[in-house]
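Order of appearance sets the numbers: ligands from 1, and atoms from 1 within every ligand. Everything numeric in this text was worked out from a predicted model, so none of it was measured.
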Amino acid sequence: MKTRITELLGCQYPIIQGGMAWVAEHTLAAAVSNAGGIGLIAGGSAPIDYLRDQIRKCKEKTDKPFGVNIMLMSPNADDLAQLCIDEGVAVVTTGAGNPAKFIPAWKEAGIKVIPVIPSVALAKRMERAGADAVVAEGTESGGHIGEETTMCLVPQVVDALEIPVITAGGIADGRGVAASFMLGAEGVQIGTRFLASEECQIHPTYKELVIKAKDTDSVVTGRYTGHPCRGVKTKFSKRLANGERDGSLTPDEFEELTLGSLRKAVQDGNLDEGSFLCGAIAGMVNEIKPCDAIVKEIMEQAEKLLCK
Ligand code: TUI
């Protein structure tokens with residue numbers, strides 16, 4: 001399937017793996033790129049040496065293009081942004097902020113720049129700033145989210161921009177890909193489906209939570225801190241949600257409790273203190289498979305639907 005996204009990124013399929021903080025490391029990224037999509041390594045708030053090592057290990061595992069996600073709230077985003085240039089990364093996606101100040105240098109270095117955006121206004125700013133494409137991310141996504149749904153946001157972003165648009169939020173199978181194309185998108189970003197992949201290095205408890213989740217098992221917490229985040233309902237996320245609702249946790253106490261909670265979920269599978277981020281589509285993800293099988297299955301289904 002050829003779109004402006006496959007042309008831009010030089011990949012077989014218009015599928016980008018989500019740049020999930022703490023989750024998206026080189027094994028997963030290389031597996032998705034080898035499957036014909038674009039794998040991403042998450043910069044998150046990682047030290048520069050860690051990210052350099054991850055990029056180099058990914059290059060050893062794949063000769064296909066892959067990318068890095070820069071989380072702009074990270075205190076060392078500037079250093080990580082420069083590292084992508086120094087290491088010759090093919091694609092950079094960004095999240096949780098406005099990357100405009102980095103775009104000229106990335107473009108100069110030949111990097112394809114794809115900001116993740118939650119609104120039409122920000123999408124237009126990114127196009128003016130020189131972005132190659134945008135990921136229009138609906139509130140169905142896991143992690144740090146905006147307010148608009150994928151179904152409403154994507155066609156409005158498509159109408160507002162000339163550059164190609166990639167959908168994110170609620171896509172885990174070929175129906176989601178076909179629907180995205182109907183909305184005018186030319187690619188999809190998929191996160192939650194890859195949590196339940198063989199190559200994903202998260203704690204087994206995390207995978208089990210995703211696989212067992214049903215339609216109503218994701219929850220958004222942290223709206224009152226200004227950093228709403230979607231994850232699996234657990235004892236911990238229910239405690240956060242209750243604290244936010246009944247005022248028993250101040251925003252500062254909430255922030256303190258969640259500090260380091262992504263690591264505790266991903267590495268320790270800690271159900272008492274970990275934030276197991278996932279999208280609202282987790283209810284549809286029921287089986288662990290290799291990335292290659294996941295990508296093939298999604299694309300076969302999408303192509304059948306789109307050729308009907
Ligand atoms: O970034 C994400 N998802 C994430 S990042 C993350 S790690 C994290 N750690 C601590 C606090 C917050 C996050 C977990 N999940 N998705 C892309 C995304 N970007 N969603 C929303 C945005 C966004 C929000 C505001 C993009 C730009 C923006 O701009 C505001 C402005 O105008 O500066």
Side-chain angles (χ1 to χ4, degrees), residues 16-25 40-46 51 67-77 80-81 92-103 113-129 131 133-150 153-154 157 165-171 188-192 194-195 202 206 218-232 237 240 251-252 254-267 274-282:
I16 299 183
Q17 165 230 319
M20 302 167 280
W22 282 99
V23 170
E25 47 67 67
L40 292 184
I41 299 167
S45 44
L51 185 58
V68 167
N69 175 266
I70 301 291
M71 207 279 278
L72 294 161
M73 277 169 44
S74 164
N76 62 347
L80 301 184
V92 168
T93 68
T94 63
N98 180 345
K101 72 169 180 174
F102 299 119
I103 294 181
V113 182
I114 310 184
V116 179
I117 49 88
S119 69
V120 170
L122 206 58
K124 284 180 170 172
R125 267 154 70 192
M126 293 303 96
E127 182 172 68
R128 281 199 299 274
V134 294
V135 175
E137 189 187 83
T139 196
E140 297 92 325
S141 300
H144 180 56
I145 46 171
E147 293 288 346
E148 315 315 321
T149 62
T150 303
L153 178 65
V154 171
V157 173
V165 176
I166 296 161
T167 322
I171 297 140
V188 297
Q189 180 179 281
I190 294 179
T192 302
F194 289 121
L195 287 174
I202 57 178
Y206 198 157
S218 84
V219 62
V220 180
T221 57
R223 283 209 166 88
Y224 75 152
T225 66
H227 304 134
C229 221
R230 184 185 297 280
V232 189
S237 61
L240 294 174
D252 281 352
F254 181 104
E255 292 280 14
E256 195 161 322
L257 269 178
T258 53
L259 203 68
S261 64
L262 299 188
R263 192 202 63 72
K264 287 176 188 166
V266 170
Q267 291 187 346
S275 292
F276 297 83
L277 305 186
C278 76
I281 200 69

(request) Write out the residue and atom name of the closest protein heavy atom to atom 14 (C) of ligand 1, then the distance separating them to 0.1 Å. (result) H144 N, 3.6 Å
(message) Is there a polar contact between ligand 1 and P118, counting only N or O atoms under 3.5 Å apart?
(response) no
(request) Would you mind finding which of A100, G18, G97, S45 brings a heavy atom closest to atom 26 (C) of ligand 1? (result) G97
(request) Starting from atom 17 (C) of ligand 1, locate the nearest protein heavy atom and write down its residue, its atom name and how far away it is, to 0.1 Å. (result) V116 CG1, 3.3 Å
(request) Look at atom 19 (N) of ligand 1 and say which protein heavy atom is nearest, naming residue and atom and giving the distance to 0.1 Å. (result) A96 N, 2.9 Å
(message) side-chain contact (heavy atoms from CB on, under 4.5 Å), that's the test. Do Q189 and V116 meet it? Break it down for me.
(response) CA-CA 10 Å; Q189 180 179 281; V116 179; 4.2 Å; yes
(request) Please confirm whether M20 comes under 4.0 Å of ligand 1, counting heavy atoms of the residue only. (result) no
(request) Enumerate the atoms of ligand 1 whose separation from the nearest heavy atom of R125 is less than 4.0 angstrom. (result) 32 (O)
(message) Out of all atoms in ligand 1, which are within 4.0 Å of some heavy atom of G95? Include the element for each.
(response) 1 (O), 17 (C), 19 (N)
(request) Mark the output for E137 as yes if a heavy-atom distance to ligand 1 is under 4.0 Å, and as no if none is. (result) yes
(request) Please indicate whether any nitrogen or oxygen in H227 is less than 3.5 Å from any nitrogen or oxygen in ligand 1. (result) no
(message) So, 4.0 Å and heavy atoms of I117: is ligand 1 close enough to count as a contact?
(response) no
(request) Could you tell me whether E147 approaches ligand 1 through its side chain, its backbone, both or neither, with non-hydrogen atoms closer than 4.0 Å? (result) neither
(message) Please list, in number order, the atoms of ligand 1 under 4.0 Å from a heavy atom of M73.
(response) 11 (C), 12 (C)
(message) Distance under 4.0 Å to a non-hydrogen atom of L122: what atoms of ligand 1 satisfy this?
(response) 26 (C), 27 (C), 28 (C), 29 (O), 32 (O)
(message) Could you tell me, atom by atom, which parts of ligand 1 come under 4.0 Å of a heavy atom of N98?
(response) 33 (O)
(message) Counting neighbours of CD on E256 that are heavy atoms of other residues, nucleotides or ligands and sit closer than 6.0 Å, is the number greater than 12?
(response) no
(request) Could you check atom 9 (N) of ligand 1 against the protein and tell me its nearest heavy-atom contact, residue, atom and distance included? (result) M71 CE, 3.7 Å
